[in-house]
Protein chains: 2
Amino acid sequence: MANVTLVDVARLAGVSVSTASRALSASPRISLPTAERVRQAAADLGYQPNLQARALSEQRTGNIGLLIANPVGSSVQSDEFFLAVLDGASRAIEKSGLTLVVSTSDGKYGGPGTLPAMVSRQRVDAVIAGGIPMEDAFVRALAHCGLPVVFIGRYLSGEYLNTVTPDNPESGRIAVKYLLDLGHRSIAVLSGALEINTFQDRFRGAESAIRESPVGAQMLPLFFDAFDEPGGYEMVRRLLTREGRLPTAILGLTDWLALGAMRALLEAGLDVPRDVSVMGLSDIAPAAVSAPPLSTVRVPATSLGGLAARLVLDLRAGEVEGPVRIIVPPHLVVRASCATPGRS
Amino acid sequence: MANVTLVDVARLAGVSVSTASRALSASPRISLPTAERVRQAAADLGYQPNLQARALSEQRTGNIGLLIANPVGSSVQSDEFFLAVLDGASRAIEKSGLTLVVSTSDGKYGGPGTLPAMVSRQRVDAVIAGGIPMEDAFVRALAHCGLPVVFIGRYLSGEYLNTVTPDNPESGRIAVKYLLDLGHRSIAVLSGALEINTFQDRFRGAESAIRESPVGAQMLPLFFDAFDEPGGYEMVRRLLTREGRLPTAILGLTDWLALGAMRALLEAGLDVPRDVSVMGLSDIAPAAVSAPPLSTVRVPATSLGGLAARLVLDLRAGEVEGPVRIIVPPHLVVRASCATPGRS
DNA sequence: TTGTAGGCGTTATCAA
DNA sequence: TTGATAACGCCTACAA
């Protein structure tokens with residue numbers, strides 16, 4: 001039953017190929033009885049259209065590319081984040097009968113002609129691109145490749161791209177507000193480099209929450225190149241060795257940063273949350289099972305994938321003009337790593 | 001430069017299309033000068049073959065499917081495991097000019113005709129399937145779909161399938177041997193259900209290491225349906241409430257199991273590794289940063305993906321007959337969660 | 001409403 | 001060694 005073609009269907013239904021084609025594509029210029037007869041024949045034969053042939057004829061592949069710029073082992077961003085994105089995208093794309101083509105990429109731009117193979121070899125109609133380590137030049141090149149491109153969690157200031165991003169400023173704000181509400185007035189914020197706009201946005205959100213708060217509060221910003229667990233650990237190690245009072249709360253702009261911070265604190269004999277509260281941002285799996293479980297702000301990865309897929313599908317179909325920006329709201333996840341300060 | 005076809009190349013080189021085709025496919029029956037001329041023309045024009053057309057002509061798609069049966073949020077198996085597999089597969093497949101098509105799947109078999117869309121719609125030439133929650137019936141149906149299929153980490157006893165699996169018995173053995181060498185003589189083993197052959201194999205390996213050891217040692221097997229972090233936690237909670245001496249070491253047949261065990265131990269005021277040693281199996285990211293960092297046995301996920309891809313490519317090319325079983329060796333990763341017993 | 005014919009870009013067969 | 005020519009399976013004017 002593998003090689004049933006439209007010719008077979010047409011023959012069985014006693015019509016020509018073109019009629020069969022029209023009947024199956026629900027074209028208007030067809031009589032109801034013939035349409036029904038063709039559909040029946042197709043069903044009986046177990047006909048499946050050859051998508052390669054259709055692609056050739058329709059001048060488009062029916063493939064949507066997903067580019068994952070997330071070198072394994074970098075732990076730069078949670079791996080589960082991308083698997084969730086992939087899951088969301090996969091469902092949405094399959095539902096509309098298209099195919100998801102995936103490629104990992106280093107996200108680096110090595111001059112003209114260095115576009116991902118799926119793009120340069122014309123294997124896809126549109127692409128979804130995600131991953132923090134994408135270089136600006138790479139993003140720019142990709143954005144102008146001639147295909148609809150939707151970026152997840154990444155944008156270029158001053159350029160209009162199709163993007164689906166978590167509301168990063170809001171997530172920073174939510175985190176700080178929560179700490180403020182608990183009564184903290186001295187909060188350290190652990191961030192990756194501000195060149196990465198995810199951090200810039202989260203940081204600004206955190207900052208604005210402090211600024212706009214009626215209660216006076218102090219923020220101690222700390223930056224580091226590595227925004228993974230060891231990075232958070234290292235930052236807090238340094239924090240511990242310096243003079244003066246410790247902040248009563250530490251916010252990691254990434255769960256891994258927060259987890260690293262917690263490790264350093266615990267190792268120094270401090271109690272979390274009694275001595276210092278620790279707050280994360282992302283809600284990756286380890287956050288739920290750390291000791292103590294990490295309070296954090298959840299970024300909905302599966303939604304991001306699904307939304308990006310639907311957007312890119314609309315763009316491909318020409319039903320949406322673009323550029324489009326979709327912003328997905330985060331929400332607070334309270335666990336056990338934060339408490340009211342000052343009981344030490 | 002998008003729509004340069006072979007016709008354009010042929011015209012520029014002053015030859016016919018068929019000659020151009022042969023020249024570029026490095027066919028033997030071609031003169032060196034013409035071949036060179038054609039190649040030059042192709043390069044000048046930035047020619048990229050239309051793979052849809054090629055697929056149509058060659059009667060195969062040039063797509064390799066990757067099926068990921070790993071419902072997000074189940075934390076059944078580490079997500080990063082599959083992202084690593086994907087990364088390995090993606091690299092290998094792109095290197096040979098083919099395309100990776102990915103689909104998430106629930107791994108359930110709902111009767112005939114329930115094969116994944118990528119298979120039933122003939123979008124791929126071969127498939128790689130991975131994921132623990134795959135049902136036996138699903139595996140069987142997939143294995144007989146008529147395409148070459150390689151399973152990662154999954155097999156059916158009594159059936160010959162193409163598989164790429166970590167050496168599960170060996171990993172169990174390595175873990176237990178390490179504990180034995182440290183001097184432990186009473187080891188609890190935390191396992192998921194033995195119906196899942198991954199656990200059966202790991203468990204048997206652990207068992208055999210105990211049995212074959214010249215020193216007498218006792219093993220306390222514990223089983224549970226959930227093999228995630230809460231599962232490990234729960235098992236050790238129960239272990240702690242019962243009579244008698246505690247084992248001096250606990251082996252989780254999954255890192256998450258071990259991490260859960262560690263949490264229960266720490267919560268009960270016990271010290272790891274002074275009071276009880278804890279050992280994992282997998283080496284997922286959180287293992288490296290738990291407190292204390294988890295000693296474990298590493299399962300090389302990226303290699304699994306790469307090997308599966310190369311195997312499925314060979315199968316597709318008919319260069320390998322099959323069924324083929326590839327077994328990948330694990331290795332010990334020593335961190336800080338295990339120590340010599342009896343100093344409590 | 002239906003059928004005929006041409007084209008999408010490749011590869012493969014068969015003469016020349 | 002090369003060049004017509006015919007598939008591959010589908011879609012879509014255009015004609016009937």
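All values reported here derive from a predicted model rather than from experimental measurement.
How far CG of B:Leu307 is from CD1 of B:Ile327: 12.0 Å, rounded to the nearest 0.5 Å. Here the CE atom belonging to B:Met118 is positioned 10.5 Å from the CG atom belonging to B:Leu147, to the nearest 0.5 angstrom. The OH atom of A:Tyr109 lies 10.5 Å from the CG atom of A:Leu142; values are rounded to the nearest 0.5 Å.
Along DNA chain D, the nucleotide nearest to B:Arg37 and the one nearest to B:Ala53 differ in position, and the one closer to the 5' end is contacted by B:Arg37.
A:Thr61 approaches B:Arg123 most closely through the heavy-atom pair O-NH2, 3.8 Å. Closest non-hydrogen pair, B:Leu24 versus B:Arg39, comes out as CD2-CG, 4.0 Å.
Every residue two or more places apart in sequence or in another chain was checked for a salt bridge (charged side-chain N to carboxylate O under 4.0 Å, His left out) with B:Glu58, and none qualifies.
When the nucleotides D:dC11, C:dT10, D:dG9 are ranked by their closest atom to the side chain of B:Asn50, C:dT10 comes out on top. In this structure, the nucleotide among C:dT2, C:dT10, D:dG9 sitting nearest to the side chain of A:Thr34 is C:dT2.
Using a 4.0 Å cut-off on heavy atoms, the residues of residues 54-63 of chain A that approach DNA chain C are A:Leu56, A:Ser57, A:Gln59, listed by number.
In this entry the distance linking CD of A:Gln122 with P of C:dG9 reads 10 Å, nearest Å. The distance from atom CD of A:Gln52 to atom P of C:dT11 is 14 Å, rounded to the nearest whole Å. Atom CG of B:Leu24 and atom C1' of C:dA12 are 15 Å apart (whole Å). When the C1' atom of D:dC8 is taken as reference, atom CG of B:Asp125 falls 15 Å away, rounded to whole Å. B:Leu45 places its CG atom 14 Å from the P atom of C:dG9, with the value rounded to the nearest Å. D:dC10 atom P lies 11 Å from atom CD of A:Gln48, rounded to whole Å.
A:Ser18 and A:Ser16 share a side-chain donor-acceptor pair at under 3.5 Å.
Side chain of A:Arg121 to main chain of B:Pro49: no donor-acceptor pair is present (N/O by atom type, distance under 3.5 Å, no hydrogens or angles). Not one N or O on the side chain of B:Ser57 forms a donor-acceptor pair closer than 3.5 Å with the backbone of B:Ala53.
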Donor-acceptor contacts under 3.5 Å from residues 156-164 of chain B side chains, at least two apart:
{"unit_1": "B:Glu159", "atom_1": "OE2", "unit_2": "B:Arg140", "atom_2": "NE", "d": "2.6"}
{"unit_1": "B:Asn162", "atom_1": "OD1", "unit_2": "B:Val324", "atom_2": "N", "d": "2.9"}
{"unit_1": "B:Asn162", "atom_1": "ND2", "unit_2": "B:Val149", "atom_2": "O", "d": "3.1"}

Polar atom pairs (N or O), protein with nucleotides 3-5 of chain C, under 3.5 Å:
{"unit_1": "C:dG3", "atom_1": "OP2", "unit_2": "A:Ser16", "atom_2": "N", "d": "2.9"}
{"unit_1": "C:dG3", "atom_1": "OP2", "unit_2": "A:Ser16", "atom_2": "OG", "d": "3.3"}
{"unit_1": "C:dG3", "atom_1": "OP2", "unit_2": "A:Thr19", "atom_2": "OG1", "d": "2.6"}
{"unit_1": "C:dG3", "atom_1": "N7", "unit_2": "A:Ser18", "atom_2": "OG", "d": "3.2"}
{"unit_1": "C:dG3", "atom_1": "N7", "unit_2": "A:Arg22", "atom_2": "NH2", "d": "2.8"}
{"unit_1": "C:dG3", "atom_1": "O6", "unit_2": "A:Arg22", "atom_2": "NH2", "d": "3.1"}
{"unit_1": "C:dT4", "atom_1": "O4", "unit_2": "A:Ser18", "atom_2": "OG", "d": "3.0"}

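Residue pairs that meet the side-chain hydrogen bond (donor to acceptor under 3.5 Å, both in side chains) test with at least one member in residues 303-323 of chain A, sequence neighbours left out, are A:Asp125-A:Arg316.
Rounded to 10°, the helix from C:dT1-D:dA16 to C:dA16-D:dT1 has 40° between the axis fitted to its first five pairs and the one fitted to its last five.
Dashed line: the shortest gap from a side-chain N or O of A:Ser21 to OP1 or OP2 of D:dC11 is under 4.0 Å.
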